[in-house]
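Accompanying notes for the structure given below.
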Amino acid sequence: MAVNLKLAYEFDFVFDGQQVFRKLLDALSNPGRIENIRVQAGKFENAYPELMALGCTLLDNEETMYVEKNPDLSSELHSLTLCHEGSLDEADYVFLSSEMNYGSMEQILKNVKHGTYADPQLSATIFLKCAAIEGTEEMKVQGPGIKDTLRVNVYPYIKKVTALRDSLHIEYPLGIDLVFADTKGNIMGVPRLCRLKD
């Protein structure tokens, strides 16, 4: 008697991971550009497929992650990638599966790794799930990868979180990379050296 087995996920760590990595790289090297990973994220059947696709692309047994108040996401990422879960101040990648209040968000931004002067690349990357990427709030950004000033209309939460990060006045070349993901599979990066302009 034949039994049909249903896969828990269909994400291919090589092929799909390469696709997600390229799009993530494009999003971070071109601030304000929106990339879409809906096809790859759709291969996970849970409430946070975009974060799963990003996590399964970047994490392995040599990386450290921190997942804020979501034991299901933490467990799934660990079981698929063998990544170690650590404290907020030692994590390479931080996953936030919902929009946090600004006070909590500020504490996370203060306590993640900012890198060191000898190794500024050892800073954390924060992945934030939000309701949308595009919106009505105009955000003006300056920094590497941007000629003069970039103007992009974003969901208000994105501008507020970016402003919170900037308010910490983290000294160059230290910083925190932000990657926003929405429920449609859109992702947008705001690299650590990009700053809001008034």
Side-chain angles (χ1 to χ4, degrees), residues 20 23-42 44 46-55 58 65-70 72-73 88 91 93-114 123-172 174-198:
V20 172
K23 291 180 180 187
L24 177 59
L25 199 59
D26 280 346
L28 283 169
S29 57
N30 298 282
R33 176 183 291 179
I34 298 173
E35 295 288 339
N36 191 280
I37 60 168
R38 181 180 65 248
V39 171
Q40 294 79 23
F44 293 99
N46 54 34
Y48 27 80
E50 297 79 18
L51 296 182
M52 287 295 296
L54 290 162
L58 297 170
M65 69 173 177
Y66 174 85
V67 180
E68 176 72 16
K69 296 180 181 175
N70 191 327
D72 291 338
L73 175 58
L88 180 61
Y93 298 103
V94 175
F95 293 86
L96 308 178
S97 57
S98 62
E99 295 175 22
M100 305 182 66
N101 68 60
Y102 297 129
S104 299
M105 192 69 232
E106 185 175 22
Q107 288 306 306
I108 285 176
L109 291 167
K110 283 181 179 177
N111 291 299
V112 296
K113 294 195 304 186
H114 297 163
S123 62
T125 299
I126 301 180
F127 296 97
L128 303 94
K129 179 107 180 238
C130 48
I133 299 288
E134 297 177 287
T136 57
E137 189 83 21
E138 184 181 69
M139 185 166 82
K140 293 185 278 189
V141 185
Q142 288 183 320
I146 300 171
K147 183 179 179 181
D148 300 322
T149 300
L150 171 74
R151 296 170 185 264
V152 58
N153 291 328
V154 297
Y155 180 60
Y157 182 74
I158 292 174
K159 184 176 180 180
K160 181 63 175 177
V161 170
T162 305
L164 281 174
R165 183 196 65 178
D166 289 0
S167 73
L168 300 179
H169 302 294
I170 302 169
E171 202 170 318
Y172 177 87
L174 311 185
I176 308 159
D177 291 325
L178 299 174
V179 178
F180 299 93
D182 70 13
T183 55
K184 296 178 181 175
N186 294 315
I187 60 172
M188 187 182 82
V190 184
R192 59 186 176 177
L193 299 183
C194 288
R195 297 283 184 266
L196 291 181
K197 184 185 177 192
D198 294 330

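All values below come from the heavy atoms of this structure, side chains included, with hydrogens, waters and symmetry mates left out. Treat the numbers as computed from the prediction; the structure is a model and nothing was measured.
Every residue two or more places apart in sequence or in another chain that forms a side chain to side chain donor-acceptor pair (under 3.5 Å) with Asn46 is listed here: Glu76. Every ring-ring contact (aromatic ring centres under 6.0 Å, His included) that Phe127 has, sequence neighbours left out, goes to Phe95. In this structure Arg33 satisfies the salt bridge (charged side-chain N to carboxylate O under 4.0 Å, His left out) test together with Glu35, sequence neighbours excluded. For Lys23, there are no salt bridge (charged side-chain N to carboxylate O under 4.0 Å, His left out) partners two or more places apart in sequence or in a different chain. Applying the side chain to side chain donor-acceptor pair (under 3.5 Å) test to Gln142 and every residue at least two apart in sequence or in another chain returns Thr149. With sequence neighbours left out, Asp72 forms a salt bridge (charged side-chain N to carboxylate O under 4.0 Å, His left out) with no residue at all. Residues satisfying the side-chain contact (heavy atoms from CB on, under 4.5 Å) criterion with Glu171, sequence neighbours excluded, are Tyr117. Residues passing the salt bridge (charged side-chain N to carboxylate O under 4.0 Å, His left out) test with Glu68: none are found, sequence neighbours excluded. Take Pro31 and apply the side-chain contact (heavy atoms from CB on, under 4.5 Å) test, not counting sequence neighbours, and it matches Ile146, Pro191, Cys194. For Leu88, the side-chain contact (heavy atoms from CB on, under 4.5 Å) criterion is met by Tyr66, Val94, Ile108, Asn111, Val112, not counting sequence neighbours. Shown here are the side-chain contact (heavy atoms from CB on, under 4.5 Å) partners of Glu99, two or more places apart in sequence or in another chain: Cys130, Ala131, Tyr155, Tyr157.
Listed here is the closest heavy atom pair of Ser104 and Asn101: N-OD1, 2.8 Å. Annotation for Leu51 and Leu96: closest pair CD1-O, 3.8 Å, computed over non-hydrogen atoms. Between Val190 and Leu28, the closest heavy-atom pair is N-CD2, 4.4 Å. Nearest heavy-atom pair across Pro49 and Ala47 is CD-C, 3.4 Å. Smallest separation of non-hydrogen atoms from Leu54 and Ala181: CD1-CB, 4.5 Å. Across all their heavy atoms, Lys159 and Met139 have their closest contact at CA-SD, 3.8 Å.
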Run Ile126 and Arg165 through side chain to side chain contact (heavy atoms under 4.5 Å, CB included) and show every step you take. CA-CA 11 Å; Ile126 301 180; Arg165 183 196 65 178; over 6 Å; no
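Judged by distance alone, the side chain of Asn186 and the main-chain N or O of Ile34 form no donor-acceptor pair under 3.5 Å. No donor-acceptor pair under 3.5 Å is formed between the side chain of Asn70 and the backbone N or O of Ser97. Between the side chain of Arg192 and the backbone N or O of Ser123 there is no donor-acceptor pair closer than 3.5 Å. Checking side-chain atoms of Asp166 against main-chain N and O of His169 turns up no donor-acceptor pair under 3.5 Å.
Here the CD1-CG distance, from Ile158 to Asn153, works out to 11.0 Å after rounding to the nearest 0.5 Å. Atom CD1 of residue Ile176 and atom NZ of residue Lys110 lie 11.5 Å apart, to the nearest 0.5 angstrom. Here the OG-CD distance, from Ser167 to Glu106, works out to 5.5 Å after rounding to the nearest 0.5 Å.
For the pair Glu50/Lys184, no side-chain contact is recorded, criterion being any heavy-atom separation below 4.5 Å from C-beta on. Two residues are said to be in side-chain contact when any heavy atoms from C-beta on lie closer than 4.5 Å; Asn30 and Leu150 fail this criterion. Put simply, the side chain of Phe180 reaches to within 4.5 Å of the side chain of Thr162, judged on heavy atoms. Taking the side chain as every heavy atom from C-beta outward, Leu128 and Met105 approach each other to under 4.5 Å.
Crowding of Arg38 atom CZ: a count of heavy atoms from other residues, nucleotides or ligands under 6.0 Å not exceeding 12.
For the pair Lys129 and Tyr48, the cation does not sit on the ring face, since its NZ or CZ is not both under 6.0 Å from the ring centre and inside 45° of the axis.
Under the salt bridge (Lys or Arg N to Asp or Glu O under 4.0 Å) criterion, the residue pairs touching residues 139-152 are Glu138-Arg151, with sequence neighbours excluded.
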